[in-house]
Participant: 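First the structure, then my questions, so here it is.
Note that the structure is predicted; figures quoted are calculated from it, not measured. Ligands are counted one by one from 1 in listed order, and the atoms in each one are counted from 1 as well.
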Amino acid sequence: FTKEQQALMKVIIDAYNKHQIPQDVAKKLLQDKYSTEENFLLLTEMATSQVQVLVEFTKNIPGFLSLDREDQIALLKGSAVEAMFLRSAQALNKKMPIGHTEVLEERIRKSGISEEFIKPMFNFYKSIGELHMVLEEQALLTTITILTPDRPYVKDQPAVERLQETALDLLRKMCVLHHPQEPQYFARLLGRLTELRTLSHYHAEMLASWRVNDHKFTPLLCEIWDVQ
Ligand SMILES: CC1(C)[C@H]2CC[C@]1(C)[C@H](OC(=O)c1ccc(O)cc1)C2
């Protein structure tokens, strides 16, 4: 790794570690009582804290704050769902002892999310778990998702491309270092980003079905996803 790459990795890892979902939110998911309403409120709290974590993490990505201000907003809004699924997949596969994943899965199932969405969501979580990513790879994959140049309304795409390429170069080297037996590992990671995009399509339907049943979102979630 070059000096710059080592410095970049340190900044990204520190930011990724600093901005984690508060344990109390994850713990509540395992303690509070069950009811569709209660589950929805817990997931709302989880999603809201995930978006807050995403914003704080993104501000620490070297070069992000030098981008055009409106492009910064466009990248955050465009990547929030994907970054949230990536982050929760990584958290679910790591933090929760096996027994707990079923409890969270139960809550997600009993929160008004339609079955057709649950399946792809948990398939994604499983496919992320099977990769056994190291922390650096998780942080870089999240960074690459956020720095996707072709999000809607991004004006200066080349500026975003330059930042994303730096993160991609770093991730490529990281994969060779941590998975020397798997020359295709880097390509597999990027393949997960394609799968993520299909999830964000389901996510929009999930929000719509909750709204139809008159569920309230928090102001932050309304702002990041342009609902209500
Ligand atoms: C684990 C998940 C990524 C999966 C189930 C909970 C999540 C945090 C997310 O929930 C929301 O997006 C969401 C949006 C609005 C709302 O009021 C509640 C949850 C979908």
Side-chain angles (χ1 to χ4, degrees), residues 16 19-58 76-129 131 133 138 141-142 145-146 151 192-228:
Y16 194 74
H19 304 303
Q20 292 279 1
I21 314 164
Q23 273 309 323
D24 58 316
V25 174
K27 263 211 294 292
K28 268 172 89 172
L29 277 172
L30 303 173
Q31 273 142 19
D32 285 10
K33 57 188 182 307
Y34 270 82
S35 78
T36 312
E37 201 40 49
E38 184 62 39
N39 290 340
F40 173 75
L41 292 177
L42 278 172
L43 296 187
T44 301
E45 198 178 334
M46 190 169 163
T48 304
S49 90
Q50 293 231 11
V51 171
Q52 286 160 341
V53 162
L54 168 70
V55 172
E56 287 317 305
F57 171 69
T58 303
L76 270 170
K77 291 173 75 137
S79 67
V81 173
E82 292 171 26
M84 184 176 67
F85 277 117
L86 201 48
R87 171 83 67 160
S88 51
Q90 289 153 358
L92 271 169
N93 285 300
K94 186 184 59 173
K95 288 261 172 40
M96 308 264 184
I98 297 298
H100 289 172
T101 312
E102 281 66 29
V103 171
L104 178 59
E105 184 167 333
E106 233 2 73
R107 278 196 188 282
I108 292 174
R109 286 184 193 286
K110 301 262 182 319
S111 62
I113 301 178
S114 68
E115 192 51 34
E116 50 144 356
F117 179 61
I118 298 285
K119 230 166 177 44
M121 187 201 308
F122 281 95
N123 287 341
F124 177 74
Y125 289 157
K126 203 160 125 288
S127 69
I128 289 289
L131 287 167
M133 279 189 270
Q138 291 181 26
L141 200 61
T142 303
T145 306
I146 295 162
R151 297 291 185 197
R192 293 282 76 83
L193 298 188
T194 313
E195 194 178 341
L196 258 183
R197 288 205 177 204
T198 58
L199 276 184
S200 51
H201 155 76
Y202 280 112
H203 184 263
E205 286 175 26
M206 183 182 85
L207 290 182
S209 74
W210 270 332
R211 281 192 63 206
V212 154
N213 302 317
D214 200 25
H215 281 92
K216 291 281 306 152
F217 303 138
T218 57
L220 179 60
L221 296 180
C222 291
E223 195 183 328
I224 198 110
W225 291 320
D226 293 328
V227 285
Q228 230 129 344

Participant: Using a heavy-atom cut-off of under 4.0 Å, does the side chain or the backbone of His203 touch ligand 1, or both, or neither?
Facilitator: side chain
Participant: Regarding Ser79 and Thr145, do their side chains bring together a donor and an acceptor under 3.5 Å, going by distance alone?
Facilitator: no
Participant: Could you label the plane-to-plane angle of the Phe57 and Tyr16 rings as parallel, tilted or perpendicular, counting under 30° as parallel and over 60° as perpendicular?
Facilitator: perpendicular
Participant: Can Met206 be said to touch ligand 1, with heavy atoms closer than 4.0 Å?
Facilitator: yes
Participant: Parallel, tilted or perpendicular for Phe85 and His203, by the 30°/60° rule?
Facilitator: perpendicular
Participant: Number the atoms of ligand 1 from 1 as they appear, then name those within less than 4.0 Å of a heavy atom of Trp210, with their elements.
Facilitator: 13 (C), 14 (C), 15 (C), 16 (C), 18 (C), 19 (C)
Participant: One thing to verify: whether Glu38 and Arg107 come together as a salt bridge, which I'm taking to mean a side-chain N less than 4.0 angstrom from a carboxylate O.
Facilitator: no
Participant: Starting from atom 6 (C) of ligand 1, find the nearest protein heavy-atom neighbour and note its residue, name and distance.
Facilitator: Leu43 CD2, 3.8 Å
Participant: What part of Tyr202, side chain from CB on, backbone N/CA/C/O, both or neither, has a heavy atom under 4.0 Å from ligand 1?
Facilitator: neither
Participant: Is it the case that atom CD in Glu223 sees more than 12 heavy atoms from other parts of the structure closer than 6.0 Å?
Facilitator: no
Participant: Using a strict 4.0 Å cut-off to heavy atoms of Trp225, name the atoms of ligand 1 that fall inside it.
Facilitator: 12 (O), 14 (C)
Participant: Do NZ/NE/NH1/NH2 and the carboxylate oxygens of Glu106 and Lys110 come within less than 4.0 Å?
Facilitator: yes
Participant: Which atoms form the tightest heavy-atom contact between Phe124 and Arg192, and what is the distance?
Facilitator: CE1-O, 3.9 Å
Participant: Should we count OH of Tyr202 as having more than 12 external heavy atoms under 6.0 Å?
Facilitator: no
Participant: Write out the residue and atom name of the closest protein heavy atom to atom 16 (C) of ligand 1, then the distance separating them to 0.1 Å.
Facilitator: Thr44 OG1, 3.6 Å
Participant: Determine whether the side chain, the backbone, both or neither of Leu221 has a heavy atom under 4.0 Å from any heavy atom of ligand 1.
Facilitator: side chain
Participant: Out of Ser49, Ala47, Ala83, who gets a non-hydrogen atom closest to atom 8 (C) of ligand 1?
Facilitator: Ala47
Participant: How far is atom 9 (C) of ligand 1 from its nearest protein heavy atom, and which residue and atom name does that atom have?
Facilitator: Met84 CE, 3.7 Å
Participant: Assess, by modelled atom type and distance only, whether the side chains of Tyr125 and Ser88 contain a donor and an acceptor separated by less than 3.5 Å.
Facilitator: yes
Participant: Look up atom 19 (C) of ligand 1 and tell me if a protein heavy atom lies less than 4.0 Å from it?
Facilitator: yes
Participant: Can you list the ligand 1 atoms lying under 4.0 Å from a non-hydrogen atom of Leu207?
Facilitator: 14 (C), 15 (C)
Participant: Give the atoms of ligand 1, by number and element, whose distance to some non-hydrogen atom of Tyr125 is under 4.0 Å.
Facilitator: 1 (C), 2 (C), 3 (C)
